[in-house]
Each structure stands twice: as C-alpha cells, then as structure tokens.
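Notes follow the structure.
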Amino acid sequence: MSSQDEQIQQRRANLGELAKLGVEIYPHAFARRHQVAQLAEGYGGRSREELEAERIETITSGRILAIRSFGKASFLVLSDGLAKIQVYIRQDSMPALDFQIFKLLDFGDWVGVEGHLFRTKTHELTIWASRLHFLAKCLLPLPEKWHGLTDVEIRYRQRYLDLIVNPDSRRVFEARSRLVSAVRAFMDARGYLEVETPMMQPIAGGALARPFTTHHNTLDMDLYLRIAPELYLKRLTVGGLEKVFEINRNFRNEGISTQHNPEFTMMEFYEAYSDYRSLMVMTEEMIATVARQVIGTDQITFGKHHISLGAPFARLSLREAVRDAAGRKLGCDVSDAELRQRDTAASIAQQLGLASQAGHGPGEVTTDIFEALCEDRLIQPTFVYDFPTEVSPLSKQKADDPDTVERFELYIGGLEVANAFSELNDPAEQRRRFEDQLHDRARGDLEAHAMDEDYIRALEYGLPPTAGEGVGIDRLVMLLTNSPSIRDVILFPLMRRRDERSATND
RNA sequence: GACCGGGUAGCUCAGUGGUAGAGCAGCGCACUUUUAAUGCGCGGGCCGCGAGUUCAAUCCUCGCCCCGGUCACCA
C-alpha cells in the first residue's frame, strides 16, 4: 500500500473511532465568538500579566496546521486562513471525551476550541483549551508545512491546497479582490453606472480575436462567448446612459502564455462627450489611486524593475516609437511617410527581419514592428497613442489625418494594461470599416471583425462624441502583486485535461 | 506549432546501466509550556505512460502524456 493510501486509511479509521464515541462527524454549524485573525489582532499585544488579569474566554475554530504532542499535553496550530493561533491541550483541563477526540485528530482537520487566552513560557499567545469540538475530517494528507507546495501544476489544478499551505497565494487573491473593489469604487465615485451585457452573443464583436462557440438548444442557435462587451456598452450610450462600465470576463480562443488566459477579466467603460485625451488623464489617476488602495503605495517592484505608478505617465506616439526603434536598429532615418505606404513599410519590416504577413497593410506592418521592437521595453507607465486606422475598426479618425485614429494603449512593465479610443460614431464610416474587415476575413483572417448591422443601426440613431476604454484587471493584479504569470492571479487557470489514471495518482 | 527544461514516497528534493535514498509528513513508544519540539523504532515507490537497445533500464534510444519557460501565434 502506498504511503498516501495508508494515511487515508488511518484517517478514515480515526473518523470511524470518532463516530463510535458518539461524536457528530459532520456537524452542521459552529458558533464562534472570535475568528482566529480577530484573536491575533485583538490580543496579540497583551502581556502575560494582562491576559491573566483579564481572563479572556474565547470560542474559535479553524484548520489544524500542526500538532505537537507531549503525551498528556499538546499544542495545536489553528488557522482560519488569515492568521494562526496556538492551542494548548491538556488532559486534566477538558472533559474526558474531548481529550479522546483530540487523540483522534489529524493534521488538516477542522476543529472548534473553547478556552481562555494566555502566554506560554516562550511568550506565544495561546488558547488554554477547556473544550474541543470536532468539525470536519481531512481525509487526505496535506503538503508539508516547511517547504509548502511549490509544484505549480498542483498549485493551479488544486488551488485549495495552494491556499491552505501558501499564505502568499492567499494574499495575491485578497489583493485581487481589493483591486476589483477599488476600481468599482473609483468608477462609482465618478458617476458611472455599472451594467452587465451579454456574455453569449450572436456576433462576437468589439475586438479583433477568435471567439469560442456555443449553442442554445431550444432556440437552435449558435452563439459566441463574448470577446468584448464594447458594442453593447456603446448601444447603452446611444440609449442615453452617458457613463457606463462593466467588470466581467472576456473569452478569446487563442494562445495561452504568461500574459494570456483564455478567459480574463476586463473593466470596460464608456463616457459620452469625452475623448481619448481625457481618458489618459483619468487612467493615470485610476491606476495610482487603485494601487495606493490595494497595496498602500504607487511604487511597485515588478520582476527586476522598480516602477512608479504616480501620474503623469509618459506619452509616446506609435509611429514615432516605431520610427525611433526601427531607425536605431537599422542605423538610418525612418520617415512617417515610409510607414504609411505598403511597400516601404513592408520593406522596413523585412530589413528588421520580421516575417511579413501576406495582405498586411502599412498600418498592420507598423503595429507588427511596434510589437516586435517596442512593447516589452515599455517598463515605466507609457501611453502609446495614435494608431493606424487600419488596425482600429471601431476608433474615430483624427480630424486632420484619416490614416490615424484617436487611440491609445497603456503599457506598464512590458504589459498592455489598457486600450482606449475616441469612438467612431459615423455610421457610414463604421459600415466601410466593417466592410474592410470582411475583406480581411475573406482572405482568411480569423480575427477580423464581423459585420454587425444592429450596431450600425444604433449608430444611425446617434452616438454622441464618446470615449471608451478597457482595462485588463488580471494584468493590473500581476503588476501590483509582482506575479510573473497571469495564472498566478487567476484562481483556476485553464489547464489541459489529465487522464484519470494520473489524476488519481496525484 | 518549434525549441529548451522538468515529471522519483503525501510534500520538498537527491541519485545510479545491477537490492531505490534523505528531510518533512505518517505509524509505534517515551515525554504536562512546545513551536521546523526531541529521542528511539517502523512502514511507505507502476522512478509520468508505452515501445526499443541490453544478460539487466528509474538511468540509454524512440514515441506519447502532463507541467514550466522562450519563440511563433495573439492585443
């Protein structure tokens, strides 16, 4: 028998013994007076004498993370996931049945404890137990206390184990929760209305990406999981909701990497009468405010970089960034005009050693160069602005330059954290852009945007001048928690299915 | 998809072409203020899966599965 099977059998036997003693082995509730964390916080500063004088009685509960036994006296370490407290168990301080229960406990079990607080010889805050209540059994052996759990595969697949033994992991997800709250509070305070738009869409629009498909049986209708909420949120602006936002999941059927999970969380918002310039200012303020609320500072460490999230952020036009980087690499001047023409742009890309995609226009080539040369160098927060119209089918052109749209992306730590633009609200131009996308699609570009007649109709009813933005929540959490992989900030990242045999052998 | 690294006890990790190793966890005994408790003793392995080479494979070769990373793809 394997060590694991043996331990499971021993734990089951202990559970059986508890039942024989008449103990309810799966009790329904437990009324506690304090959480472990409340004890640690509230009484961690009390001296031995103070505790003796006050005689603080408590009832608390948690998971047993250690048992140190000395025969007739023992110590348990109890955790509520946030904090730990030690429990002193001695035979002559509790009913005989409770001590029998204690002897049948295993590392990992859930228990309730009654008793008073004191300090041991070594000054540790401890509960002197007068009662012990069995709450639930841990039938499987837990990872060890000292090295914790480092196998990333088990950490992702069995997140509960990660959370039990790795306090840092718990902290990451607490920070994530605070971040979502802080972003919501920031938007609330500015009068934005939080809405929820469809996750299942008949046309997957609002971004250039490949969708997941699904099917509704009763309607016998194919649907897509949304790649973005954009077109629905702008319909709401047409409907007169001047400031809206949504925090929710997007799904993109694409590659997986340290920066990409097939489902990810985005905060997307739209504001009538605004433009991309105003959104830069608002975004700077949001990032710095949220950082201070979540981690108490706007100065962060990300990998080997120190990054300041304090406003203002750097601003860099996309074509300038590309001209600069390409020019430096090639040792010659690259002009704006060269980047705007298909043949010259393609030739520059070729000289840079970038495989030119058939059918890519000058705008796409320019963004390809940007992604290859510039993206991962943008460590300090930087707004990259003014994108080629060709790669931005939903953005509004600059008044004096139809090749260029009013759009920016925010980069921090080499990660694309936000994407925003002044919204295209001319229905005739929007139809032309969609038609261009259809040509790309016909050419085999699976990410090209589909035609959305109802969206154009909505624009025909009149969308006021509007600016909109999407903020990648997962990537912001990565930055604020110094997590190198998006999987470290998603509780249950998508993993390949394992066959049953190796799964049961975990 | 390509390349690189990894998969050995519940966990963290060593290791060798010839009987499989440690620490922690587990079990037993001792111990009424320990805290990575201690001391003594014991158990626990399809060495990811499948072929091949070999007298002999956990180790070498090939294929496959899973994980991580880089690149490609992708906002």
Side-chain angles (χ1 to χ4, degrees), chain A residues 1-11 13-14 48 65-77 84-93 99 106-108 118-126 128 138-157 161 164-166 207-210 227-228 250 252-262 264 266 354-355 357 364 367-368 370-372 375-376 384 387 391-392 407 409-411 415-419 445-447 470 472 475 484-485 487-488 493 495-499 501-503 505-506:
Chain A
M1 195 189 323
S2 75
S3 169
Q4 172 162 249
D5 291 343
E6 195 177 271
Q7 290 187 48
I8 292 169
Q9 211 173 65
Q10 285 155 356
R11 284 162 181 258
N14 285 343
R48 173 176 302 156
L65 288 192
I67 303 176
R68 294 185 282 273
S69 181
F70 298 83
K72 295 193 181 65
S74 296
F75 294 94
L76 300 179
V77 176
K84 295 175 188 171
I85 195 159
Q86 180 168 259
V87 179
Y88 181 50
I89 305 273
R90 47 188 288 173
Q91 190 166 12
D92 57 14
S93 292
F99 194 72
D106 289 290
F107 175 40
F118 76 110
R119 270 187 198 282
T120 61
K121 279 181 189 166
T122 49
H123 302 290
E124 174 140 357
L125 182 67
T126 303
W128 191 307
C138 176
L139 288 169
L140 297 167
L142 288 173
E144 68 148 305
K145 57 192 171 186
W146 189 241
H147 296 93
L149 183 67
T150 59
D151 183 326
V152 288
E153 184 170 356
I154 301 179
R155 288 184 49 222
Y156 297 156
R157 287 186 193 275
L161 291 179
I164 292 168
V165 301
N166 293 332
L208 306 182
R210 297 176 65 179
I227 55 175
N250 290 340
R252 299 189 183 174
N253 203 341
E254 288 162 358
I256 294 177
S257 77
T258 50
Q259 295 179 42
H260 302 264
N261 193 63
F264 63 100
M266 196 131 202
L354 300 174
Q357 302 276 329
E364 276 168 291
T367 31
D368 287 348
F370 171 77
E371 281 164 18
E375 202 172 284
D376 56 355
V384 176
F387 280 63
V391 297
S392 316
R407 172 181 174 189
E409 289 183 347
L410 171 63
Y411 285 85
L415 302 178
E416 182 199 329
V417 170
N419 179 19
D445 183 350
L446 296 165
E447 281 108 36
R475 290 177 181 174
S485 169
R487 288 178 217 108
D488 295 326
M495 302 286 276
R496 225 177 223 107
R497 195 210 310 265
R498 294 185 84 178
D499 66 71
R501 191 168 147 159
S502 39
N505 279 351
D506 272 353

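Just so it is clear: chains get the letters A, B, ... in the order the sequence lines come, proteins before strands, and each one is counted from 1. In this text the structure is predicted, and so the values were computed from the model without any measurement.
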> With respect to the phosphate group of rU34(B), does any side-chain polar atom (N or O) of Arg68(A) fall under 4.0 Å of OP1 or OP2?
Replying inline: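 For rU34(B), neither OP1 nor OP2 has a side-chain N or O of Arg68(A) closer than 4.0 Å.
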> With respect to the phosphate group of rC74(B), does any side-chain polar atom (N or O) of Arg210(A) fall under 4.0 Å of OP1 or OP2?
Replying inline: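 No, because none of the side-chain N or O atoms of Arg210(A) sits under 4.0 Å from OP1 or OP2 of rC74(B).
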Report the residues that fulfil side chain to side chain donor-acceptor pair (under 3.5 Å) with [X], sequence neighbours left out, ordered by chain and then residue number.
X         : value
Glu447(A) : none
Asp488(A) : Tyr156(A)
Glu254(A) : none
Arg210(A) : none

>> If the condition is salt bridge (Lys or Arg N to Asp or Glu O under 4.0 Å), which residues does Arg155(A) pass it with, not counting sequence neighbours?
In response: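 Only Asp162(A) meet the salt bridge (Lys or Arg N to Asp or Glu O under 4.0 Å) criterion with Arg155(A).
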> With sequence neighbours excluded, what pairs up with Asp92(A) under the salt bridge (Lys or Arg N to Asp or Glu O under 4.0 Å) test?
Replying inline: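 With neighbours one apart ignored, the set is Arg90(A).
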Taking the side chain of [X] as its heavy atoms from C-beta onward, which of [options] lies nearest to it?
X         : options                   : value
Thr120(A) : rU12(B), rU34(B), rU32(B) : rU34(B)
Arg487(A) : rG68(B), rU34(B), rG10(B) : rG68(B)
His260(A) : rG10(B), rG69(B), rC74(B) : rC74(B)

> Base, backbone or nothing for each nucleotide of nucleotides 22-29 of chain B, written B, S, -, heavy atoms under 4.0 angstrom, 5' to 3'?
Replying inline: -BBBSS--
>> Output the pairing pattern of RNA chain B as a dot-bracket string, 5' first, Watson-Crick or G-U wobble with both distances under 3.5 Å, | for cross-strand pairs, [ ] for crossing pairs.
In response: (((((((..((((....[..)))).(((((.......))))).....(((((..]....))))))))))))....
> Which part of the nucleic acid, if any, lies within contact of Phe387(A), taking any heavy atom under 4.0 Å across all strands shown: a base, the sugar-phosphate backbone alone, or nothing?
Replying inline: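 Base: the residue Phe387(A), judged by heavy atoms under 4.0 Å, touches a nucleobase.
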> Mind checking what makes side chain to side chain contact (heavy atoms under 4.5 Å, CB included) contact with Asn261(A), not counting sequence neighbours?
Replying inline: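 Partners of Asn261(A) by the side chain to side chain contact (heavy atoms under 4.5 Å, CB included) criterion, ordered by chain and then number, come out as Glu263(A), Ile486(A), Ile490(A), Pro493(A), Leu494(A).
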